[in-house]
Amino acid sequence: MTKLQVRAFLYQLGCFAILFILGRFIIAEYSGLTGMWIPMTAFIVATLVAPQFKAVKTKDGEKLFMKWIFIKGVKEIG
């Protein structure tokens, strides 16, 4: 794995983890779900909402891109 691929993986993991923990807390406090339904729901929500990062080799070199449902198109990160 290249340096940018590792960075993309860590960004994606970090965003997912933050959204999962936040979602789990909110779901546990404000919904009537109990047991395994809380982490399962938080997992699905975090998976759908988290941005996707990808390292792509272009003719100018390797670049990092992000795609997210809240922005239009693909954004170049670095």
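At least one side-chain heavy atom of T2 sits less than 4.5 Å from a side-chain heavy atom of E62. At least one side-chain heavy atom of R7 sits under 4.5 Å from a side-chain heavy atom of L64.
Sorted by first and then second residue, the side-chain hydrogen bond (donor to acceptor under 3.5 Å, both in side chains) pairs involving residues 46-61 (not counting sequence neighbours) are Q12-Q52. For residues 44-64, the ring-ring contact (aromatic ring centres under 6.0 Å, His included) pairs, not counting sequence neighbours, are Y11-F53.
F43 shares a hydrophobic cluster with F16, F20, I21, I44, L48; the chain of contacts runs through ILVMFWY side chains whose heavy atoms sit under 4.5 Å apart.
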Could you list the donor-acceptor pairs under 3.5 angstrom formed by side chains in residues 23-38, with sequence neighbours left out?
from, atom 1, to, atom 2, distance (Å)
S31, OG, I27, O, 2.5
S31, OG, L33, N, 3.4

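Without hydrogens or angle criteria, W68 side chain to K75 main chain gives no donor-acceptor distance under 3.5 Å.
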| message | For a side chain to side chain contact (heavy atoms under 4.5 Å, CB included) check, start with the C-alpha distance between V6 and M1, then their side-chain angles and the critical distance, and finish with the verdict. | response | CA-CA 7 Å; V6 171; M1 290 180 76; 4.1 Å; yes
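To the nearest 0.5 Å, atoms NZ (K63) and CG (L4) are separated by 11.0 Å.
A single hydrophobic cluster is seen to contain both V45 and F70, as judged by linkage of ILVMFWY side chains at heavy-atom distances under 4.5 Å, directly or through other members.
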